Undergrad: 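Before I ask anything, here is the structure I am working with.
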Amino acid sequence: MSQAENPSPFTLANEAAQAIGSITGVEKHDIALTLGSGWGKAADLLGEVIADIPASEIPGFESSGVPGHSGTLRSIALPGGKHALVIGARTHFYENKGVRAVVHSVRTAAAAGAKTMVLTNGAGGIKDSWKPGTPVLLSDHINLTASSPLEGATFVDLTDLYSPRLRGVAKDIDPSLDEGVYVQFRGPHYETPAEVQMAKSFGGHIVGMSTALEAIAAREAGMEILGLSLITNLAAGISAHPLSHQEVIDAGKEAEPVISALLARIVHAL
Ligand code: HPA
């Protein structure tokens, strides 16, 4: 079946949200978080776990094929009385499942009532002052996937896509947080040093393989977006040595306790 013949992605997202509502008994989730490499422990620090649902039990989700992604959706009661939906099952554009699959989690979060979308990832740093393990706020993005989650003549403004208000909240918690422009490449190969230099010359500071498409879908859904990258490595050619996925996983594991605690404090302040 071609993408055009499938049921509307919004219908599928509504079905997913209904399934989450009936499994959790939570009528409305206020905040949604997608936890990328290195951020997973935040799910344990946010509040009282109401339900941990294997992604495969929710319409439109599959368990993640990527090590470092948990493959569950977790409903959490936050201390202030709000509810968070933590998505540990991200579909990447490079998996070739189509852009609808990539943004299904975001559309599900919106259908579940979330007005705030926190998108996190592990990424390569172009600024050489960022050591592996540094968390960075996204200030904007450059989408190099040559794709969009928007279908038809859906003209959506992307000015201030990454909410200045939410970035302010994060900086109140940790004034040392730096900001940068995220450049989404298709992957799954890492960038060449020449591509990293291109991204730098375009105004990019961070290179990765997720988030930008999800942020566009979140904006379409009217959500306020906070983006955070964990710099797991210096981008290709910025560092003297070649990249490895193991290095990315290891840097994520090492930074996880600190950045997860930071993220939990930020979420509690939203
Ligand atoms: N490039 C793209 N994606 C990544 C990187 C990188 O250097 N590190 C972790 N994810």
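Because the structure is a prediction, the values reported are computed rather than measured. In this chain, numbering begins with 1 at the start of the sequence shown. As the structure lists them, so they are numbered: ligands from 1, and atoms in each ligand from 1.
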Undergrad: Around atom 10 (N) of ligand 1, find the nearest protein heavy atom and jot down its residue, atom name and distance.
TA: Gly122 O, 3.3 Å
Undergrad: Within the distance-only criterion (no hydrogens, no angle test), does the side chain of Glu195 pair as donor or acceptor with the backbone N or O of Thr192 below 3.5 angstrom?
TA: yes
Undergrad: Are Trp39 and Val86 close enough that some pair of their side-chain heavy atoms sits under 4.5 Å apart?
TA: no
Undergrad: Among all protein heavy atoms, pick the one closest to atom 3 (N) of ligand 1 and tell me residue, atom and distance.
TA: Gly208 CA, 3.5 Å
Undergrad: Please report which non-hydrogen protein atom sits nearest to atom 4 (C) of ligand 1, along with the residue it belongs to and the distance in Å to one decimal place.
TA: Tyr190 CE2, 3.7 Å
Undergrad: Counting heavy atoms only, name the option from Glu191, Gln184, His189 that's nearest to atom 2 (C) of ligand 1.
TA: Glu191
Undergrad: Looking only at protein heavy atoms, which one is nearest to atom 9 (C) of ligand 1, and what is the separation?
TA: Thr232 OG1, 3.4 Å
Undergrad: Taking only heavy atoms of Leu243 into account, list the atoms of ligand 1 that are under 4.0 Å away from them.
TA: 7 (O)
Undergrad: Tell me which one of Ile50, Ile53, Ile23, Asp52 satisfies side-chain contact (heavy atoms from CB on, under 4.5 Å) with Ser75.
TA: Ile50
Undergrad: I want to check something: taking the side chain as every heavy atom from C-beta on, are Tyr182 and Ser210 in contact at a cut-off of under 4.5 Å?
TA: yes
Undergrad: Tell me which one of Leu230, Ile249, Asn233 gets a heavy atom nearest to atom 8 (N) of ligand 1.
TA: Asn233
Undergrad: With a 4.0 Å cut-off, would you call Arg74 and Asp44 a salt bridge?
TA: yes
Undergrad: Under 4.0 Å from any heavy atom of Met209, which atoms of ligand 1 are there?
TA: 2 (C), 3 (N)
Undergrad: Nearest to atom 5 (C) of ligand 1, what protein heavy atom do you find, and at what distance?
TA: Gly124 N, 3.4 Å
Undergrad: For His205, enumerate each residue passing the ring-ring contact (aromatic ring centres under 6.0 Å, His included) test, keeping only those at least two apart in sequence or located in another chain.
TA: none
Undergrad: Treat each ILVMFWY residue as a node, draw an edge where side-chain heavy atoms are under 4.5 Å apart, and state whether Ile206 and Phe202 are in one component.
TA: no
